[in-house]
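Reviewing the structure listed below.
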Amino acid sequence: MTDPQIALMMLGLFIIFVFLGFPIAFTLMAMGIGFGYYAYFDARRMWRSFDRMADDTGWLDSTSLWIEGLFNNRIFDLFVNQTFTVMSNEVLTAVPLFLFMGYIVERANIVDRLFSTLNIAAKNMPGSMGVAALITCALFATATGIVGAVVTLMGLLALPAMLKARYDPSFASGIICAGGTLGILIPPSIMLIVYAAASNVSIVRLYAAALLPGLTLVSLYLIYVIGRSILQPSVAPRPTKEEVPDIPKSQLFIMILTSLVPLAFLILAVLGSILFGLATPSEAASIGALGGIFLAFVYRAMTWQRMRESVYLTVRTTAMVCWLFVGSYTFSAVFSYLGGEHLISEFVQGLNLSPLMFLLLAQLIIFLLGWPLEWSEIIIIFVPIFLPLLAFFQIDPLFFGILVALNLQTSFLTPPMAMSAYYLKGIAPPEIKLTQIFSGVMPFLFCVFIAMAMMYIFPQIVFYLPELMYGK
């Protein structure tokens, strides 16, 4: 077999192991080191240690020299260097800080106050409770960026309230599942930080580019919720005074001031300091983490147990992301060294695709990968395969990244592996079936496709803010 054929076998085996359920980070590292041992094999270097072996060398020294020769392979040098590169990456420093901010906000009892306030404020709108749930999901998802946490918490908080208000279970489930995924698109998104680290695109420009697409998707969700509530009132009945009481405007103002404003101010302070160059993403994330702790104390929700949980979950998730990067960097370095990247590049270029056709093909592959894989694995492992081809098709990596972020919304909403649906099913009442949740998310899935089509037709939705703020 030629080296490029071995590289393709390496990629094929990795996909098989993923479907068999092996831990992805360790599979990447094991396959990178295993195939790298062959790729970087140097007999002269490997057996150099045996030049020091004499006839009277003892068994202990002989064993030591054998082990030294076995590990005298450049793949281990590469693995150490890649690990150091990932752990010292300044862009990735923001990941644990944003995660910590999200876990603290999740435990600060902000969301229940926010949902109650928005529910009262929007009570005269069609589908008012759905609108309140969707906006709460969007704000909470933006503050946390952790899909499972948002869907679970909103499922415990908003779903029972909507079911009690006689909302259609499928409609209510779709709202929570779709709203919970918005955090991976709307800044300050952890997914965009990971993409920036993988593609060397400016995270500041990525955040600016993601704002309008994120707001576009939220607007499409709201249009669907309100429109369906008008056309089919039975799915979202207007609340009664017992369900949503009338309160004085002064009291409503105080509720907004104490629930909506603090969280919105925290998000805007973090995002604004990044976009206007007042702080780096890591510094802004530090401010956000401190602000989250402050809010938790103000709302009297901070306990030692909650702090421990937040730190533990932050460390666990950060370790997962970092080791995925280490494994991916090692795997891709060996894959490229064997000629696999060049082979794929030649194959795609030989298809004579137009830039639009290439984008559609790439997004279709990412859409299909979203069924079995998490967004982090897709961004770190598979997106770098497409990145070298962007220059050939004259596609801006910034535009590609926003399309990927939009596309990955579908990975949480598309059956049969719609993780948002499974998160919600885990805490939903037993009478709500998984098929009902799946049918509820399908209209929101079409909203994502409409948003992606709008990006293709009107690319200035992506480029307008970065060019306005930072130039071309």
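These values consider heavy atoms only, across backbone and side chains, with no hydrogens, waters or symmetry-generated copies.
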Original post:
Closest heavy-atom contact between Ser170 and Ser439?
Top reply: OG-OG, 2.9 Å

Subject >> Non-hydrogen side-chain atoms of Ile176 and Met162 separated by less than 4.5 Å >> reply: yes

Original post:
Are side-chain N/O atoms of Thr181 and Ser420 paired as donor and acceptor at under 3.5 Å?
Top reply: no

Subject >> Side chain Thr330, main chain Val326, donor-acceptor under 3.5 Å >> reply: yes

Subject >> Heavy-atom closest pair, residues Val462 and Pro213 >> reply: CG2-CG, 4.1 Å

Original post:
At their closest point, which heavy atom of Cys322 faces which heavy atom of Val86, and how far apart are they?
Top reply: O-CG1, 3.7 Å

Subject >> Evaluation steps, side-chain contact (heavy atoms from CB on, under 4.5 Å), between Val201 and Phe400 >> reply: CA-CA 11 Å; Val201 175; Phe400 185 76; over 6 Å; no

Subject >> Neighbour count >12 (heavy atoms, 6.0 Å) for atom OH, Tyr456 >> reply: yes

Original post:
Just by modelled atom types, is the Ile104 backbone N or O under 3.5 Å from a matching donor or acceptor in the Arg306 side chain?
Top reply: no

Original post:
Side chains of Met129 and Phe115: does their closest heavy-atom pair fall under 4.5 Å?
Top reply: yes

Subject >> Nearest heavy-atom neighbours spanning Met125 and Arg238 >> reply: O-NH1, 3.9 Å

Original post:
Taking the six-membered ring for Trp, are Phe325 and Tyr329 parallel (under 30°), tilted (30 to 60°) or perpendicular (over 60°)?
Top reply: perpendicular

Original post:
If you count the non-hydrogen atoms of other residues, nucleotides and ligands that lie under 6.0 Å from OH in Tyr470, is the total more than 12?
Top reply: yes

Subject >> Within-4.5 Å side-chain heavy-atom neighbours: Cys447 and Ile223 >> reply: no

Original post:
Are any of the side-chain heavy atoms of Cys177 and Phe444 separated by less than 4.5 Å?
Top reply: no

**OP:** Determine yes or no for a side-chain-to-main-chain donor-acceptor pair under 3.5 angstrom, with Ser310 supplying the side chain and Phe100 the backbone.
**Re:** no

**OP:** Measure the OH-CG distance between Tyr221 and Leu134 for me, rounded to the nearest 0.5 Å.
**Re:** 8.0 Å

Original post:
Can you name the nearest heavy-atom pair linking Met154 to Ala133, along with the distance?
Top reply: CE-O, 3.8 Å

Original post:
Do Val321 and Ile190 have side-chain heavy atoms sitting under 4.5 Å apart?
Top reply: no

Original post:
Do Phe294 and Phe297 come close enough that some side-chain heavy atom pair is under 4.5 Å?
Top reply: no

Subject >> Interatomic distance, Ile457 atom CD1 to Ile450 atom CD1 [nearest 0.5 angstrom] >> reply: 10.5 Å

Original post:
Hey, mind stepping through Met191 and Leu185 against side-chain contact (heavy atoms from CB on, under 4.5 Å) and telling me if it holds?
Top reply: CA-CA 7 Å; Met191 194 225 77; Leu185 171 62; over 6 Å; no

Subject >> Any Gln460 side-chain heavy atom under 4.5 Å of Leu212 side chain >> reply: no

Original post:
Nearest 0.5 Å, what's the CG-CG distance between Leu206 and Leu211?
Top reply: 11.5 Å

**OP:** For Glu283 and Thr280, indicate whether the former's side chain and the latter's backbone hold a donor-acceptor pair under 3.5 Å.
**Re:** yes

Subject >> Heavy atoms from other residues, nucleotides or ligands near CZ of Phe367 exceed 12 (cutoff 6.0 Å) >> reply: yes

Subject >> Gln394 atom CD, neighbour heavy-atom count above 12 within 6.0 Å >> reply: no

**OP:** Go through the steps to decide whether Leu159 and Ser173 satisfy the test side-chain contact (heavy atoms from CB on, under 4.5 Å), and finish with yes or no.
**Re:** CA-CA 7 Å; Leu159 185 60; Ser173 300; 4.3 Å; yes

Original post:
Considering only heavy atoms from C-beta outward, does the side chain of Tyr299 approach that of Pro262 to under 4.5 Å?
Top reply: yes

**OP:** Measure the CD1-OG1 distance between Ile461 and Thr216 for me, rounded to the nearest 0.5 Å.
**Re:** 5.0 Å

Original post:
How many angstroms lie between atom CD1 of Ile184 and atom CG of Leu406, to the nearest 0.5 angstrom?
Top reply: 9.5 Å

Original post:
More than 12 foreign heavy atoms under 6.0 Å from CZ of Phe26: is that the case here?
Top reply: no

Subject >> Check: Tyr167 side chain, Pro160 main-chain N or O, donor-acceptor pair, under 3.5 Å >> reply: no

**OP:** Would you please classify the geometry between the Phe393 ring and the Phe358 ring as parallel, tilted or perpendicular, with 30° and 60° separating the classes?
**Re:** parallel

Original post:
Closest heavy-atom contact between Glu431 and Gln436?
Top reply: O-OE1, 3.5 Å

**OP:** Return the orientation label for the Phe14 and Phe331 ring planes: parallel under 30°, perpendicular over 60°, tilted otherwise.
**Re:** tilted

Subject >> side-chain contact (heavy atoms from CB on, under 4.5 Å) between Phe386 and Val404, worked out >> reply: CA-CA 11 Å; Phe386 297 106; Val404 170; over 6 Å; no

Original post:
Taking the inter-plane angle between the rings of Tyr422 and Phe438 on a 0 to 90° scale, is it parallel (under 30°), tilted (30 to 60°) or perpendicular (over 60°)?
Top reply: perpendicular

Subject >> Side chain Ser328, main chain Ile380, donor-acceptor under 3.5 Å >> reply: yes

Original post:
For Thr410 and Asn407, does a side-chain donor sit closer than 3.5 Å to a side-chain acceptor?
Top reply: yes

Subject >> Distance in Å, Leu445 CG paired with Thr414 OG1, rounded so as to fall on 0.5 Å steps >> reply: 4.5 Å

